[in-house]
2 protein chains.
Amino acid sequence: MYKLTDSVPYLLNRAGVRIAEVFSQRIAENDLSVAMYRVLAMLRERKESTLGDLADVVSVEISTLSRLVGTLAKRKLVSRTRPEDNGRIVIVRLTPQGEALTEKLMPLAMELEATAVQGMSKEEVTALKSALKRMHSNLPAMSGKGKTSDQ
Amino acid sequence: MYKLTDSVPYLLNRAGVRIAEVFSQRIAENDLSVAMYRVLAMLRERKESTLGDLADVVSVEISTLSRLVGTLAKRKLVSRTRPEDNGRIVIVRLTPQGEALTEKLMPLAMELEATAVQGMSKEEVTALKSALKRMHSNLPAMSGKGKTSDQ
DNA sequence: GTTAAATTATTGCAAACGCAACTATTGTCA
DNA sequence: TGACAATAGTTGCGTTTGCAATAATTTAAC
């Protein structure tokens, strides 16, 4: 018999929510949300990115990301520029302050991950990551439709 | 060097969002959200539950769940009763219509899981589930504090 | 047995989200 | 070239969310 509480989607959500809650608290003193942190961490990794690419990476709607990046820009953590050779896109980059803050947060992120996988072997962690990647690629990206709403 | 895009929290969120998006679309024709589905599936599993227990299982705030269950009750999918021997708690149960709908959704959920883990062996899936459970238990439950807010 | 503390659920409120509509720019093709 | 389609971002709007405050009931303490 199929049990919700032993299903992959359920366990995935449960672990994801829990880990986000914990990290959320740890970065709250910097007035950052998890999504904001991910934007910063992503830019640290790639130096620059368009809004659309960031939205894909962070797994939020582009409209949400637009506002979120606006907030980060207002706080001088990132810069937004429209390149001269392409007036459609917006390039987002870390400012020096954004870089500094992101570096400061890295240890927290590593610590969180270490806590989460405590008791698991290196091989188990590798297998977990690969399973998570596989599931992501097994499922089709939504074109943009699809009620995500509750109630 | 620590990479966001190879970190467990990131991969976890990415897979979780994707799987929720897909399932959300599949159940949208029944006017159900994923959280609503989880409430129904949970009640199918346990017959009855209090709001607080449901909130734990579904990983949402109890205030959110209160309203969500209110909506389900309005649609006659669940019943809410305050027991005579305890006027504090609310017992939630599936109505016959709720049961019928839930049974109808089960194949969809099983199909989704099958799609998600396609290409993985039984052992890999088992290991995945156990890793997800371990991570959940490795992280402390938040007492109720902690900014989850964005922007 | 009465008062204080703890538990459980609901409601007010503001923030955040996603969808849809819109603007602006670039690409296509005839 | 000139019109039409496609891409990229922003903004309006209604819904959903979580936190905080509140109400109601039960448990604990004295």
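Chain A is the first sequence line, chain B the second, and so forth, proteins listed ahead of strands; every chain is numbered from 1.
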Return all side-chain donor-acceptor pairs below 3.5 angstrom for residues 49-60 of chain A, not counting sequence neighbours, or 'none' if the list is empty.
{"from": "A/Thr50", "atom 1": "OG1", "to": "A/Asp53", "atom 2": "N", "distance (Å)": "3.3"}
{"from": "A/Thr50", "atom 1": "OG1", "to": "A/Asp53", "atom 2": "OD2", "distance (Å)": "3.3"}

Hey, can you pull the donor-acceptor pairs under 3.5 Å for the side chains in residues 104-114 of chain A, sequence neighbours left out?
{"from": "A/Lys104", "atom 1": "NZ", "to": "A/Asn30", "atom 2": "OD1", "distance (Å)": "3.1"}
{"from": "A/Glu113", "atom 1": "OE1", "to": "B/Tyr2", "atom 2": "OH", "distance (Å)": "3.3"}
{"from": "A/Glu113", "atom 1": "OE1", "to": "B/Val8", "atom 2": "N", "distance (Å)": "3.2"}
{"from": "A/Glu113", "atom 1": "OE2", "to": "B/Val8", "atom 2": "N", "distance (Å)": "3.4"}

Review item, side-chain donor-acceptor pairs of residues 127-134 of chain B, under 3.5 Å, at least two apart:
{"from": "B/Lys129", "atom 1": "NZ", "to": "A/Asp6", "atom 2": "O", "distance (Å)": "2.9"}
{"from": "B/Lys133", "atom 1": "NZ", "to": "A/Asp6", "atom 2": "OD1", "distance (Å)": "2.8"}
{"from": "B/Arg134", "atom 1": "NE", "to": "A/Gln118", "atom 2": "O", "distance (Å)": "3.3"}

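Side-chain contact between B/Leu4 and A/Arg38 is present, with at least one heavy-atom pair separated by less than 4.5 Å. At least one side-chain heavy atom of A/Met36 sits less than 4.5 Å from a side-chain heavy atom of A/Arg75. No side-chain heavy atom of A/Glu99 sits less than 4.5 Å from a side-chain heavy atom of A/Leu40.
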If you write DNA chain D from 5' to 3' in dot-bracket form, with Watson-Crick or G-U pairs under 3.5 Å, [ ] for crossing pairs and | for pairs with another strand, what do you get? ||||||||||||||||||||||||||||||

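By the side chain to side chain contact (heavy atoms under 4.5 Å, CB included) test, A/Val90 pairs with A/Arg80, A/Arg82, A/Val92, sequence neighbours left out.
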Protein-to-nucleotide contact annotation, 5' to 3' order, nucleotides 2-10 of chain C [B base; S sugar-phosphate only; - none; under 4.0 Å, heavy atom]: ----BBSSS

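The nearest whole Å value for the distance from the CD atom in A/Glu61 to the P atom in D/dG12 is 17 Å. One atom, CG of A/Leu54, and another, C1' of D/dT10, lie 16 Å apart when rounded to the nearest Å. If you measure from atom CD of A/Glu84 to atom P of C/dA24, you get 20 Å, rounded to the nearest angstrom. Atom CD in B/Gln25 sits roughly 13 Å away from atom C1' in C/dC19 (whole-Å rounding).
Hydrophobic clustering, with ILVMFWY side chains joined whenever heavy atoms are under 4.5 angstrom apart, keeps B/Met42 apart from A/Val17.
Comparing A/Ser59 and A/Asp85 by the nucleotide of DNA chain C that holds the closest heavy atom to each, the one mapping nearer the 5' end is A/Ser59.
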